[in-house]
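The sequence lines fix the lettering, A, B, ..., with proteins before strands; numbering per chain opens at 1. Values reported hereafter were calculated over all heavy atoms of this structure, with side chains retained and with hydrogens, waters and symmetry mates removed. Nothing here was measured: the structure is a model prediction, and the numbers come from that model.
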There are 2 protein chains.
Amino acid sequence: MSSNRVTSIDVAKLAGVSQAAVSRVFTPGASVSPRIVEKVRLAADRLGYRPNRLARSLNTGRSGIIGLAIGYLENQFYPELLQQLSASLQTNGYHVLVFMTGNPDEDVDKVVAEILDYQVDGLIAASVGMSSQLARRAQAAGVPVVLLNRSQDDSTMSSVTSDNHAGGRKVADFLVAGGHRRIGYIAGWESASTQRDREAGFREGLAAHGVGLWARARGEFEREAAADAARELFSTGNRPDAVFVANDHMAFPVMDVLRHEFGLRIPQDVSVVGYDDAPPANWPSYDLTTVRQDRPSMVAACVKIILAGIENRDSPPQRIAIDGPIVIRGSARIPPR
Amino acid sequence: MSSNRVTSIDVAKLAGVSQAAVSRVFTPGASVSPRIVEKVRLAADRLGYRPNRLARSLNTGRSGIIGLAIGYLENQFYPELLQQLSASLQTNGYHVLVFMTGNPDEDVDKVVAEILDYQVDGLIAASVGMSSQLARRAQAAGVPVVLLNRSQDDSTMSSVTSDNHAGGRKVADFLVAGGHRRIGYIAGWESASTQRDREAGFREGLAAHGVGLWARARGEFEREAAADAARELFSTGNRPDAVFVANDHMAFPVMDVLRHEFGLRIPQDVSVVGYDDAPPANWPSYDLTTVRQDRPSMVAACVKIILAGIENRDSPPQRIAIDGPIVIRGSARIPPR
DNA sequence: CTTGGTTTTGTATACGTATTCAAACAGGTT
DNA sequence: AACCTGTTTGAATACGTATACAAAACCAAG
């Protein structure tokens, strides 16, 4: 019932020491004698005192807050990422302040401003739409930025992705080895680096085997658009016998359309391969062959980079592409060995 | 390149006014003449000034931060909730600081302490494991708390849930009307209020129709445990002809087990009903009949309560149960009308 | 012009903590 | 006992902003 605003001064009084002493007890690496530590700890516990992190940030210039700009969580890959990211930062003494950047029409300036208002120590941008502008602005303001699961031509910006080019290539190798010759591609949002890199690697791989791309449609990284894309590809007389879908999130509705609307059997009639290894990929109903994005490694790299950026304001930008295996499940014909 | 720490004092100097004047310009409802507003705005824009929210919180006692304690995001219902919640709070000038409370073994005290360190204006607890203790502690510290999608016997705590009791009841009515008499139930984590209420409503409904519960197994709200539970229920000679699964997240693996391990057809051989209306419920592969939890309404209620609690420190606790319809899809036999 | 009331402004202070600086202290050497 | 060195300590100040208070400016009415 007592007005519960207990400050370092209260503790100092009770312990019979100066406020500075209290502060030092709670500042790792400060110079205090064991006797004072003892007294202060006792008083602090009695009063239930804990340092106010926001007040502390005024002096230290560190808030312990990492901004996370994220677009949408429908794609199951992202919640998993967020979960691991948050947990990892938490063990490092940081916490995640979430900024939803849903509609890209929204004012970028507004979001950037809000983020900076909170004096975030760093920014992780996993947003689809406006990550590039947003990140540039934040970086210009002196905040370390890491692009997660997207990258940027601008090489001054750190980024962590899977090796999308190599991944696309692996899919091409796999499908061609499986004997496919009429291979379709369902693209993601065209401006995304993930989309571009995956497609480029894929096409290169096909070309290396002397196979051309049979058909292409745009799925925009969205369920509905992907379903439409599947309908488009398979409504023609000369259907693909395999499809590479730019991410799992789109591959699921694509599989549903092929099975339930076209009555096709997977993989007997058509092979489907995705990208990400999102959780439903190993649900029996989908059992999707896909390129794994190694979430733990991506998270670890991301955290490492952002912490480095905080420690050393001008640590050089890093662009990390983590290799991931193609996970062979039942949605695509398996090449004879 | 200039050391980018621009403060209200810098602005004041440039504008030729006092620091207080600058502060007032950025404080809604403060008394400033249009002339000063003009001058300050100009100077602020020139320098790119924005008030430091953390510093501001020292005076106002408001951080604009809402803590969100959440356990795990595998259950697709939660990411959607988080997304809407965050967006809604954002439009109200608040932001979400995420606290992952993954392993319930973890020290509750530690998490509570961390949350309070950030001077959060409110706490939303959607955590499975330790929400009760955690919430109690936070509330004791004078922070408004809302339990989201779980409630508490303790009626001093606000909570927002769907009407789980009524929902369970609806499922019973529906399955009995569908002609089922051997009805099984796969339970969630036994300590969760959602689990208890859904089961209670369900049993009551069955009893009202003179039908007993045929079988029961524990799924713990986890995929693997739910799959095991399904195996347990269907390995016996006398199988259920319908199952109510305590949430969709468990219903998906249950359907997969029934189809792929037992070769059962849904709904011809067995009906399955879930709870939540998580996104995959309307994916064609599952097409799951389920009780909808009205996310937008739940989020709206939650935000309303927490904001009320912030405005008025002792606004009375509210316990809201939002009714949701049973969404009839293809996973359960449809009663003749 | 005064006067009285209202609005606007600046000065000073507070918010809760970290840190600089100089004073106080401890401990060992001669 | 006197000296030096290295560690602890408290007083004072800084961090960036909001606000109580009093001085100043304004405005309408007398």
Item to check | Minimum-distance nucleotide to B:Ser18 side chain [options: C:dG10, C:dG16, C:dA14] | outcome: C:dG10

Checklist entry - Can you check the A:Asp117 CG to D:dG16 C1' distance for me, whole Å? => result 13 Å

Item to check | Between D:dG16 (P) and A:Tyr118 (OH): distance, integer Å | outcome: 19 Å

Next on the checklist: Given the ring of A:Phe26, does A:Arg41 sit roughly above its face, with NZ or CZ under 6.0 Å from the centre of the six-membered ring and within 45° of the axis?
Outcome noted: yes

Checklist entry - B:Asp10 side chain to B:Thr7 main-chain N or O, any donor-acceptor pair under 3.5 Å? => result yes

Item to check | Proximity to the side chain of B:Ser23 - top-ranked nucleotide from D:dA18, D:dT17, C:dT19 | outcome: D:dA18

Checklist entry - Which is true for B:Ala20 with a 4.0 Å heavy-atom rule: it touches a base, it touches only sugar-phosphate, or it touches nothing? => result base

Checklist entry - Donor-acceptor pair, B:Ser159 side chain versus B:Ser151 backbone, under 3.5 Å? => result no

Item to check | Non-hydrogen side-chain atoms of B:Glu114 and A:Gln90 separated by less than 4.5 Å | outcome: yes

Checklist outcome for this item: Sorted by position of nearest nucleotide on DNA chain C, 5' first, the leading residue of A:Thr7 and B:Gly16 is B:Gly16

Next on the checklist: Any side-chain N or O of A:Ser31 below 4.0 angstrom from OP1/OP2 of D:dT9?
Outcome noted: no

Item to check | A:Ile9, nearest nucleotide to its side chain (from C:dT17, D:dC15, C:dT7) | outcome: C:dT17

Item to check | B:Gln139/B:Thr156 under side chain to side chain contact (heavy atoms under 4.5 Å, CB included): CA gap, chis, key distance, verdict | outcome: CA-CA 10 Å; B:Gln139 195 170 28; B:Thr156 69; 3.9 Å; yes

Next on the checklist: Whether A:Ser8 contacts C:dG16 is assessed here as follows: a side-chain N or O lying under 4.0 Å from the phosphate OP1 or OP2. Is that the case?
Outcome noted: no

Checklist outcome for this item: Of the candidates C:dG10, C:dG16, C:dA18, the side chain of A:Ala55 sits closest to C:dG16

Checklist entry - Does any N or O donor sit under 3.5 Å from an N or O acceptor when you compare the side chain of A:Arg24 with the base of D:dG10? => result yes

Checklist entry - How long is the line joining CG of A:Asp10 and P of C:dC15, in whole Å? => result 10 Å

Checklist entry - Which nucleotide, D:dG10, C:dA18, C:dG10, lies nearest any side-chain atom of A:Arg56? => result C:dA18

Checklist entry - Between A:Lys13 (NZ) and C:dG16 (P), how many Å, whole number? => result 12 Å

Item to check | Test item: A:Asn92 side-chain N/O and A:Ser88 main-chain N/O as donor-acceptor pair under 3.5 Å | outcome: yes

Checklist entry - Contact class for B:Arg50 vs. all strands (heavy atom < 4.0 Å): base, sugar-phosphate, or nothing? => result sugar-phosphate

Item to check | Donor-acceptor pair present, A:Gln19 side chain and C:dA18 base, under 3.5 Å | outcome: yes

Checklist entry - Base, sugar-phosphate, or nothing for B:Val17, non-hydrogen atoms under 4.0 angstrom? => result sugar-phosphate

Next on the checklist: Rounding to an integer number of Å, can you tell me how far B:Asn52 CG sits from C:dG16 C1'?
Outcome noted: 14 Å

Next on the checklist: In this structure, how many angstroms lie between the P atom of D:dA18 and the CG atom of B:Leu58, rounded?
Outcome noted: 11 Å

Checklist entry - Can you check whether A:Thr60 has a side-chain N or O nearer than 4.0 Å to OP1 or OP2 of C:dT17? => result no

Checklist entry - Taking the side chain of B:Val32 as its heavy atoms from C-beta onward, which of D:dA18, C:dT9, C:dT19 lies nearest to it? => result C:dT9

Checklist entry - What's the CG-P distance between A:Asn59 and C:dG16, to the nearest Å? => result 14 Å

Checklist entry - Which comes earlier along DNA chain D counting from the 5' end, the contact point of B:Tyr49 or that of B:Arg35, where each point is its nearest nucleotide? => result B:Tyr49

Checklist entry - So what does A:Leu54 touch, heavy atoms closer than 4.0 Å: a base, only the sugar-phosphate, or nothing? => result nothing

Checklist entry - A:Arg62 CZ to C:dG16 C1': how many Å, rounded? => result 20 Å

